[in-house]
*Asks:* 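So that we are looking at the same thing, I have put the structure below in structure tokens.
Note that this is a predicted model, so its numbers are computed, not measured. The analysis underlying the following values was restricted to heavy atoms, covering all of them including side chains, and did not include hydrogens, waters or symmetry mates.
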Amino acid sequence: MYDFDRETDRRGTWSVQWDGIADRFGVSDLLPFTISDMDFASPPEVLTALRDRVDHGVFGYTDWRLGDFREAIRHWYADRFDTAIDPDSLVYAPSVLSQLSQLLQMWTAPGDGVVVHTPTYDGFRKAVTGLGRELRGVPLGDLEALERELARPDSTMLLLCSPHNPTGRVWTEEELSAFAALAERHGAAVVSDEIHADLTTEGHRHVPWTRIAEPGRGHRWALVTSGTKAFNFPALSGSYGLIGDPDERTAFIRRMETGEGLASPAVLSLTAHIAAYRQGAAWLDELRGYVAGTMESVRRRLADGLPGVRWEPPQAGYLAWIDLRPLGIEETRLQEELITVEKVAIMPGGVYGTPGFVRLNVGCPRAKAERGVDALVRAAARLRTT
């Protein structure tokens, strides 16, 4: 029904992935597989809603609490996650990271430790360290290490990525419950970034933090997310969250509206979210199937070209997190080969605190993704030492 094989030229559109490639990789003539947005057009239903809103022609101040925005979110959670949410618990912000910034300032102090899983989304590192907090990483799956870090007296927040970026791990309800128990035991607030939640693969179920957390006063937790990732409209900005404690929720909204001066959201973001959550389910399901097919193609190409690399598709998302450590390749040499010889831009694992991996964005037409993984295979095969 939807054509995900169609290629759209994004050059000259101020795209970070395409036009900003030289800022990170030093040269501009590379085929990019980098920042986490997709090369697909947003759903036709979203585009139609945006055109209708533009045709109205008046773009005055808006209020996210009016109209269908909150009800569309409530509908989406009930339909997709079998989860009831209270629309009155919602908050709004320009982005997930802007929500995180506010919550860090509300719930932690300079010098405090913020516990994350490693590898770690680089946006977390920038937000946490930029505000003078200490990022404390623990390996995925190591519950004992997680408790050790949370038990430190100045570890005041557990920052989750659920599903996890860059690995695509989908946390089980049992795992999330264990995280909640540890945070409660050691008095740490919890912020769960769930922007990849809509992109789980078949056989994996995302569990929203609202199903895990204790509601009401005295429980410092927040779920922060957005429809921009799954439906590919991050440039429209806009995110929303759920905060458990009503007093903390009120404080958050006050900070956004007064301290940050962000009382009026972007109306096109509201429009896109409503259309996506009301009419975009069919597009999203087809997209997920298409990405799964692309991931399988990536798996085959890696298995054929680099037998020493054992890689399986992620449980969520369109980011292939590939462990090249068995090949014994030094990361800077691989990056040089990819850039100078293969002319592709692929994110090195060191960006996420784990050298030896790469993060390959395959949220694109399959032909492009296959060009990227084939370039990676050729470069790695030339350099491997084991």
*Asks:* Provide the full list of ring pair (Phe, Tyr, Trp, His ring centres under 6.0 Å) pairs with a residue in residues 185-205, sequence neighbours left out, each pair given once.
*Replies:* none
*Asks:* What pairs meet the side-chain hydrogen bond (donor to acceptor under 3.5 Å, both in side chains) rule with one or both residues in residues 306-318, with sequence neighbours excluded?
*Replies:*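 Every side-chain hydrogen bond (donor to acceptor under 3.5 Å, both in side chains) pair that includes a residue of residues 306-318, provided the two are not neighbours, is Ser36-Tyr318.
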*Asks:* Which value, rounded to the nearest 0.5 Å, describes the distance between Leu31 atom CG and Leu338 atom CG?
*Replies:* 11.5 Å
*Asks:* Before accepting this row, confirm whether a basic side-chain N of the pair Glu71/Arg74 lies closer than 4.0 Å to the acidic partner's carboxylate O.
*Replies:* yes
*Asks:* Check whether the side chains of Tyr290 and Asp5 place a donor and an acceptor atom closer than 3.5 Å, and report yes or no.
*Replies:* yes
*Asks:* Have Trp18 and Asp39 got a donor and an acceptor in their side chains that come within less than 3.5 Å?
*Replies:*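 Trp18 vs Asp39: donor-acceptor pair found between side chains.
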*Asks:* For Tyr121 together with His164, are the ring centres under 6.0 Å from each other?
*Replies:*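 Judged by ring-centre distance (under 6.0 Å), His164 and Tyr121 do not meet the cut-off.
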*Asks:* With rounding to the nearest 0.5 Å, note down the distance linking NE2 in His206 to OG1 in Thr225.
*Replies:* 7.0 Å
*Asks:* Looking at Asp245 and Arg249, does any basic side-chain N land under 4.0 Å from a carboxylate oxygen?
*Replies:* no
*Asks:* Taking only Lys NZ, Arg NE, NH1 and NH2, and the carboxylate oxygens of Asp or Glu, determine whether Arg382 and Glu342 approach each other closer than 4.0 Å.
*Replies:* yes
*Asks:* Would you mind telling me which of Glu134, Arg136, Glu149 makes a side-chain hydrogen bond (donor to acceptor under 3.5 Å, both in side chains) with Ser155?
*Replies:* Arg136
*Asks:* For Ser101 and Gln105, test the side chains for any donor-to-acceptor distance below 3.5 angstrom and give the result as yes or no.
*Replies:* yes
*Asks:* Indicate yes or no: does Lys229 engage Asp193 in a salt bridge with an N to O separation below 4.0 Å.
*Replies:*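 Salt bridge: no.
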*Asks:* Less than 4.0 angstrom from a charged side-chain N to a carboxylate O is my criterion; do Glu370 and Arg301 meet it?
*Replies:* yes
*Asks:* Answer with yes or no whether the side chains of Trp107 and Glu248 bring together a donor and an acceptor at under 3.5 Å.
*Replies:* yes
*Asks:* Do Phe40 and Trp283 have their ring centres less than 6.0 Å from each other?
*Replies:*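 Here the rings of Trp283 and Phe40 have centres that are no less than 6.0 Å from each other.
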*Asks:* Going by atom types only, do Arg125 and Thr120 share a side-chain donor-acceptor pair under 3.5 Å?
*Replies:* no
*Asks:* Are Val27 and Met347 grouped together when hydrophobic residues (ILVMFWY) are joined by side-chain heavy atoms under 4.5 angstrom apart?
*Replies:*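 Yes: a chain of side-chain contacts under 4.5 Å links Val27 to Met347.
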*Asks:* For residues Thr108 and Arg133, is any side-chain donor paired with an opposing acceptor at under 3.5 Å?
*Replies:* yes
*Asks:* Using the side chain to side chain donor-acceptor pair (under 3.5 Å) rule, take Glu194 and Ser192 through it: C-alpha gap first, then chi angles, then the decisive distance, then the call.
*Replies:* CA-CA 6 Å; Glu194 303 188 8; Ser192 181; 2.8 Å; yes
*Asks:* Distance-only, no hydrogens or angles: does the Thr83 side chain make a donor-acceptor pair with backbone N or O of Phe81 under 3.5 Å?
*Replies:*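 Pair found, side chain donor or acceptor close to backbone of Phe81.
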*Asks:* Any salt bridge between Asp198 and Arg288, counting N to O under 4.0 Å?
*Replies:*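 Looking at Asp198 and Arg288, the cut-off is not met.
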*Asks:* Please check if atom CZ in Arg65 has more than 12 non-hydrogen atoms from other residues, nucleotides or ligands closer than 6.0 Å.
*Replies:* yes
*Asks:* Give, for atom CG of Asp323 and atom OG1 of Thr354, the distance between the pair rounded to the nearest 0.5 Å.
*Replies:* 9.5 Å
*Asks:* Are Arg299 and Glu296 ion-paired here, with the side-chain N under 4.0 Å from a carboxylate O?
*Replies:*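 Yes, this pair counts.
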*Asks:* Hey, would you say the Tyr352 and Trp321 ring centroids sit under 6.0 Å apart?
*Replies:* yes
*Asks:* Do Leu287 and Val170 sit in the same hydrophobic cluster, where Ile, Leu, Val, Met, Phe, Trp and Tyr count as joined when their side-chain heavy atoms come under 4.5 Å apart?
*Replies:* no
*Asks:* Is any NZ, NE, NH1 or NH2 atom of the basic residue among Arg80 and Asp285 found under 4.0 Å from an Asp or Glu carboxylate oxygen of the other?
*Replies:*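 Salt bridge flag = yes for Asp285 with Arg80.
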*Asks:* Atom CG of Leu242 and atom CH2 of Trp221: how far apart are they, to the nearest 0.5 Å?
*Replies:*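 Reported value, rounded in 0.5 Å steps: 6.0 Å.
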*Asks:* Would you say the side-chain atoms of Asn165 pair up with the backbone N or O of Thr167, donor to acceptor, closer than 3.5 Å?
*Replies:*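 Such a contact is absent between Asn165 side chain and Thr167 backbone.
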*Asks:* With rounding to the nearest 0.5 Å, note down the distance linking NE2 in His56 to OG1 in Thr271.
*Replies:* 10.5 Å
*Asks:* Look at the side-chain heavy atoms of Ile, Leu, Val, Met, Phe, Trp and Tyr, link any pair under 4.5 Å apart, and say whether Val344 and Val351 land in one connected group.
*Replies:* no
*Asks:* Hey, is Arg378 close enough to Glu337 for a salt bridge, meaning N to O under 4.0 Å?
*Replies:* no
*Asks:* Could you check whether Glu174 and Thr172, counting side-chain N and O atoms only, form a donor-acceptor pair closer than 3.5 Å?
*Replies:* no
*Asks:* Counting distance only, does the side-chain N/O of Thr294 pair as donor-acceptor with the main-chain N or O of Arg366 below 3.5 Å?
*Replies:* no
*Asks:* Can you measure from CG (Asp19) to CZ (Arg11) and round to the nearest 0.5 angstrom?
*Replies:*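 One finds 8.5 Å between CG of Asp19 and CZ of Arg11.
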*Asks:* Do the side chains of Phe33 and Ile35 join up, straight or via other hydrophobic residues, at under 4.5 Å, putting them in one cluster?
*Replies:* no
*Asks:* State which residues pass ring pair (Phe, Tyr, Trp, His ring centres under 6.0 Å) with His117; sequence neighbours excluded, sorted by chain then number.
*Replies:* Trp171, Phe179
